[in-house]
Amino acid sequence: MRALKWSLAGLGGLLLLAIIAVVVFVATFDPNAYKPRIVDLVKRETGRTLTVDGTIGLTIFPRLGASVGGLTLSEPNSPRIFARVGDAHVAVALLPLLSRRVIVDRVTLTGLAMDLVRYKDGRTNFDDLTGRGAPGAPSAKAPGQTPPAPPLAIDVGGISVEDATIGWRDEGAGTDVHLSHVSLKTGRLASGEPGKLSASARVQGAQPKANLEVGVETGYRIDLQKPAVALSSLDVKVAGEAEGIDGLDARLRSEGVELDPQASRITLSRLELTAKTKSGLDAKVAVPRLDLAPDRAESQTITADVALVTPQRKVSAKLAIPSFAASATHVDLSRLDVELTAKQGDLEIQGKLGTPLALDLERRRAELPGIAGDLAVSGKALPGPSKATVRGAARADWGARSANAELAATLDDSKVDVRVAVANWSRPAISFAVVADRLDVDRYLPASRRSGAPSGGGGAPSSGGTPPVEQPFDLSALKPLTAAGTVKIGALRVSNVNAEQVSLAVKAAGGRLVVDPIAANLYQGVLAGSATVNANDDSFALKDRLTGISVGPLLRDAASKDLLEGRGTVVLDVTTRGNTVTGLKKALGGTATLALTNGTIKGVDLGGILRTASALLGSRQALEQQAAGGAKTDFTELGASFVIRSGVAHNEDLRVTSPVLKVAGRGDVDVGQGTLDYTVKVSVTGAAAGLGGKDLAQLAGATVPVRVTGPLSSLRYSVDLQSLATELARSALQRELERRLAPGKSGGEQGAGSAVGDVLRGLFGKPK
């Protein structure tokens with residue numbers, strides 16, 4: 001018994017001494033004294049400079065722990081800062097270390113900041129920290145060597161990272177992205193034990209441009225023996241702005257993700273991606289299973305539903321990609337099928353397109369070698385459904401950010417070949433060439449926009465008497481457009497106007513669309529000109545010269561007006577501004593000239609007006625009549641020039657000649673209102689009697705004023721008969737006096753005649 005007592009007393013004394021020793025050690029040990037050694041060790045092993053501005057705190061029992069603040073680490077052999085840590089804390093249980101088990105409390109990092117860089121030669125500023133480029137693994141164990149110790153069993157209570165900032169710059173690719181407000185929290189990290197992870201960050205990029213909020217939630221299980229990681233219920237959310245995308249709201253979910261680090265393999269199960277944008281994009285992609293490895297990828301059938309909905313239109317597409325296998329550098333899909341539906345107003349387009357797809361990931365290229373599909377166009381305003389078939393090929397190079405395609409389409413009875421190329425996707429520059437044998441554009445336009453019918457503003461009022469509201473057109477789509485190309489059409493019909501051998505050169509940049517030159521054969525003549533549309537101020541300019549044109553069929557087809565027949569030259573140089581058809585008409589300005597031969601003015605029979613006026617001479621009332629449908633005035637020549645201001649074309653030099661009549665005139669054509677106010681002065685030629693105009697002979701030498709007014713579709717004319725009688729009397733008196741006082745008389749008579757002639761000329765003007 002006494003021996004046992006002495007043994008217990010000795011053990012107690014030893015324990016007391018141990019406790020006293022630990023207390024003395026903790027009280028006297030200063031870990032900050034080792035700062036220079038730690039700094040020297042880091043410098044010697046990595047070439048980096050470590051700075052410890054804060055105080056190192058140390059705990060011994062029940063866990064060995066350390067906390068430190070104000071850490072900075074430089075880049076290798078450089079004063080540039082690679083990383084900063086505001087505050088760090090970690091603690092390890094002591095006793096489990098004896099059995100090669102590492103049990104760590106939660107690891108906490110606050111204020112971490114890192115700048116990661118990949119240089120143009122492929123190196124990074126953290127290669128030395130990841131072991132890249134380090135000497136190879138040790139050689140195989142030599143006979144007789146001691147076998148390696150079993151691996152440590154690690155058990156971490158959790159990791160917390162708060163308010164971290166991470167920068168990534170790839171000098172080769174030009175990428176520059178920064179992550180701020182980074183937060184990471186995990187549960188227990190132990191082999192075979194389940195846990196949960198949550199992370200969030202703000203992603204801001206200069207190239208590519210981005211301002212995004214990212215959040216990640218997932219369950220996990222780690223197998224440190226294999227090693228392997230399995231994620232469950234992965235949920236990734238992204239919201240914000242990205243390059244070319246406003247109001248992005250995207251979500252990636254996967255039922256399970258398996259990561260095999262040794263094989264560098266990732267397997268995703270029941271993957272689903274959804275995305276919406278402020279511009280109306282709504283997309284959903286589903287993949288039942290996707291296996292990814294450095295040298296191979298395998299996927300089950302991929303399906304996608306994509307819709308773009310705006311106030312003006314709705315476009316939706318269904319995509320299907322059958323199961324495929326791909327190498328590290330090539331993806332070859334036997335088939336990519338798209339089912340498309342597009343609606344704008346009452347117009348609807350439906351179709352199916354399919355093509356093989358080849359991706360060269362190393363060269364960053366894609367090719368669609370065999371595009372084939374069918375489209376159908378329908379709408380209430382169309383005369384009937386239309387069908388189109390498409391065949392062709394397309395290529396894209398996302399390294400060069402360019403694409404091009406060649407397509408051959410059959411659209412009803414038209415054959416159209418299109419070549420298009422797009423350079424610089426971020427700010428696309430488009431080049432194109434379109435060749436068609438024939439094209440009837442009116443077939444695909446609403447009835448209100450065909451055959452020169454008014455498209456608003458001037459239409460008939462509704463049943464309530466209120467005129468219909470004219471919808472403004474929007475040119476904003478031209479502002480970002482940069483394009484150049486040509487269009488050639490063998491036979492074209494647009495707005496009920498027919499043309500042949502149409503050739504256009506088109507350029508668009510800075511919000512301006514310029515079509516120059518415009519060339520075509522139409523209505524037995526030739527068109528040469530140019531047109532400009534400026535979306536920056538909604539302005540339009542047109543310069544056209546029509547030579548040898550038959551104006552009658554042109555007016556009937558283009559404006560539904562049967563006013564004039566004849567062939568000759570029409571020159572237009574006009575500008576206007578506005579966002580409605582009515583506004584454009586009222587703002588029209590510029591000049592126009594007209595020179596025709598061997599034609600007819602319809603709706604007004606000037607010879608008939610003179611005959612009626614001659615029969616009514618002596619009446620004190622004016623002659624007023626509605627223009628008759630079959631009335632006409634033939635001419636051998638007609639010429640006029642117009643100055644156009646605020647939609648009103650003013651003319652001062654109308655001249656019309658025929659064997660029987662000569663006409664001069666002046667007046668206005670109000671293009672905006674569609675009305676005419678003209679005064680013409682008609683005189684009968686001396687040859688009228690010999691050409692069947694005997695009933696006009698008494699009017700010979702007189703100038704008859706005729707006023708033509710009213711809407712172009714319902715003109716009226718009037719003649720002041722009292723003024724006509726006065727004009728006839730003046731004309732007869734002048735002729736008789738001049739006959740009597742004509743040269744050849746006696747000198748006295750000549751003198752008298754000369755004096756009387758001067759008086760007459762003063763009263764009536766120069767004798768004719």
Side-chain angles (χ1 to χ4, degrees), residues 106-107 116 130 151 153-161 164 166 168 177 179 182-203 210 212-240 242 248-276 283-306 319-329 331 333 359 361:
R106 178 168 295 275
V107 178
L116 308 178
T130 60
I154 300 176
D155 188 334
V156 180
I159 297 176
S160 295
V161 178
I166 301 173
W168 168 250
V177 178
L179 279 68
V182 178
S183 173
L184 172 68
K185 291 184 179 181
T186 73
R188 184 182 176 190
L189 299 171
S191 186
E193 295 294 329
K196 289 189 176 295
L197 176 148
S198 64
S200 62
R202 171 174 288 179
V203 180
L212 301 168
E213 296 288 343
V214 179
V216 179
E217 299 281 347
T218 184
Y220 62 84
R221 186 186 297 270
I222 303 172
D223 188 337
L224 296 176
Q225 280 71 40
K226 284 188 177 180
V229 178
L231 305 181
S232 59
S233 302
L234 174 65
D235 191 352
V236 181
K237 298 178 181 179
V238 180
L248 174 65
D249 184 2
R251 190 171 189 178
L252 174 68
R253 288 180 285 189
S254 177
E255 187 177 276
V257 181
E258 297 179 4
L259 297 91
D260 186 344
Q262 289 184 336
S264 299
R265 185 183 183 90
I266 302 175
T267 301
L268 299 96
S269 301
R270 300 182 66 85
L271 179 68
E272 183 180 281
L273 171 65
T274 59
K276 293 183 178 181
K284 181 179 180 180
V285 181
V287 186
R289 183 181 174 90
L290 179 62
D291 293 312
L292 301 174
D295 59 345
R296 188 172 178 80
E298 296 181 6
S299 174
Q300 295 181 357
T301 300
I302 300 174
T303 58
D305 292 304
V306 181
L319 293 84
I321 302 174
S323 300
F324 67 91
S327 68
T329 59
V331 178
L333 304 182
L359 295 175
L361 302 178

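Rounded to the nearest 0.5 Å, atoms CG (L361) and OG (S327) are 7.5 Å apart. The distance from the CG atom of L212 to the CG atom of L179 is 10.0 Å, given to the nearest 0.5 Å. Of the inter-residue distances, the one linking T218 atom OG1 with L231 atom CG reads 4.0 Å to the nearest 0.5 angstrom. If you take CG on L271 and CD on E255, they are separated by 11.0 Å, rounding to the nearest 0.5 Å. Taken to the nearest 0.5 Å, the CZ atom of R253 stands 15.0 Å off from the CG atom of L268. Separating the NZ atom in K237 from the OG1 atom in T274 is a distance of 10.0 Å, to the nearest 0.5 Å.
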Decide side-chain contact (heavy atoms from CB on, under 4.5 Å) for L234 and V216; before the verdict, give the C-alpha distance in whole Å, the side-chain angles of both, and the deciding distance to 0.1 Å.
-> CA-CA 8 Å; L234 174 65; V216 179; 4.2 Å; yes

Kindly indicate, with the supporting measurements, whether the criterion side-chain contact (heavy atoms from CB on, under 4.5 Å) is fulfilled by T267 and D260.
-> CA-CA 9 Å; T267 301; D260 186 344; over 6 Å; no

Evaluate side-chain contact (heavy atoms from CB on, under 4.5 Å) for I159 paired with L189, printing each intermediate quantity in order.
-> CA-CA 8 Å; I159 297 176; L189 299 171; 3.5 Å; yes

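When atom types are taken as modelled, the side chain of R270 and the backbone of S254 share no donor-acceptor pair closer than 3.5 angstrom.
Under a 4.0 Å N-O distance rule, the pair D291/R289 qualifies as a salt bridge.
Pairing each heavy atom of P261 with each of P227, the nearest pair is CD-O, 3.3 Å.
A side-chain hydrogen bond (donor to acceptor under 3.5 Å, both in side chains) check over residues 184-194, counting only residues at least two apart or in different chains, returns the pairs D155-R188, S191-Q225.
By the neighbour-count criterion of 12 heavy atoms within 6.0 Å, atom CD of Q300 is densely surrounded, having more than that number from other residues, nucleotides or ligands.
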